[in-house]
Asks: 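Before I ask anything, let me first share the structure, which is written out below as structure tokens.
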Amino acid sequence: MGKKIILTGDRPTGKLHLGHYVGSLKNRVKLQDSGLYESYIMIADQQALTDNARDPEKIRNSLIQVALDYLAVGIDPAKSTILVQSQIPELAELTVHYLNIVTVARIGRNPTVKEEIKQKEFGASIPAGFFIYPVSQAADITAFKASLVPVGEDQLPMIEQTREIVRSFNNIYGKEVLVEPEVMVPDSTCARLPGTDGKAKMSKSIGNAIYLSDEPDVVKKKVMSMFTDPNHLRVEDPGQVENNPVFTYLDAFGEDKETINEMKEHYKRGGLGDVKVKRYLNEVLQAELEPIRNRRKEFEKDIPAVYEMLKQGSLKAKEVASKTLKEVREAIGIEYFK
Ligand code: TRP
């Protein structure tokens, strides 16, 4: 019995932030270090290009930033394979085969794609490549015969659609070529980290994110200006802990649960000021981010080595993907020439 295979990844459209960290990076490092899995972690630059065709430089620059973020949080190339999606053209061919067994209507019903189309304000100009990215994501996952996909909860519809494609493919071609993946989302209630402005999601485009690479003074500034309970005007007023991002972050990152619970009770009663809570949160975040930032700076000293690591990972991944592609072509019956 081989190890269970994991495939996961991120679109490189900027640096990674705390939302990525609690949403999936932490999980990936834990899974990696358990030694029970064979992990592939994909920098999905091709997917990022689906709505950035006119700005490839942004994706190119983000690619190395995301690679550094991965290394900084503890993804270890000796244990996990980090790969670059665009370097594996087999994935594109798999996508083309899967597109034939998916309907436009089904993609149009994918809630994540629907939401993004609205958010990105494409109007009548949705890039076709963007629209079909759930299918290319199915190619990513199935190429490695992954049985586990650790991602943030916004990715659930993608995995659901992948599972459908796998079932259709195996059913149509009468062979168990593809593997149906399971999804793994963080179990904590703070898996979806709100932005520093209290908005539902931390996001680069909204400008409410704390980045893994932010310098200490930047982190502090962002924490001290965080949204809290808008009705907590004076220190002595009773405050609300629910939907108060300062406390959500403390739940997500604080280790000293007793102190945090005491603070919550005090805040609810009244008499505990926002500034004090924020100062404490700042300490907690600085402690979490310092080793990450330091590791990042070490890896930054040798960028060519980071590219070499990505190259080796991509070469290894290409071998695996090309094996699956061959099986897919055989199942369809288009391997004409032996
Ligand atoms: N869709 C993911 C994101 O938005 C990136 C991604 C591409 C991915 N291919 C994947 C995630 C395969 C998990 C598995 O960041």
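Atom set for the values below is all heavy atoms of this structure, side chains included, hydrogens, waters and symmetry mates excluded. As the structure is a prediction and not an experimental result, all values here were calculated from the model. Each ligand, and each atom within it, is numbered from 1 in the order the structure gives.
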Asks: What pairs with Glu308 under side chain to side chain donor-acceptor pair (under 3.5 Å), at least two apart in sequence or on another chain?
Replies: Gln312
Asks: Under a 3.5 Å distance rule, please check whether Ser80 uses its side chain to pair with a backbone N or O of Ser39 as donor and acceptor.
Replies: no
Asks: Spell out, as yes or no, whether a donor-acceptor pair under 3.5 Å connects the side chain of Asn171 to the backbone of Arg167.
Replies: no
Asks: Tell me which one of Met42, Gln46, Gln47 satisfies side chain to side chain contact (heavy atoms under 4.5 Å, CB included) with Arg11.
Replies: Gln47
Asks: Mind checking whether Leu36 and Lys4 have side chains closer than 4.5 Å, heavy atoms only?
Replies: no
Asks: Quick check: does any side chain N or O of Asn208 sit under 3.5 Å from a backbone N or O of Thr196, one acting as donor and the other as acceptor?
Replies: no
Asks: I'd like the residue list for ligand 1, meaning every protein residue with a non-hydrogen atom under 4.0 Å from the ligand.
Replies: Leu7, Thr8, Gly9, Asp10, Arg11, Ala44, Gln47, Gln137, Asp140, Ile141, Val149, Val151, Gln155
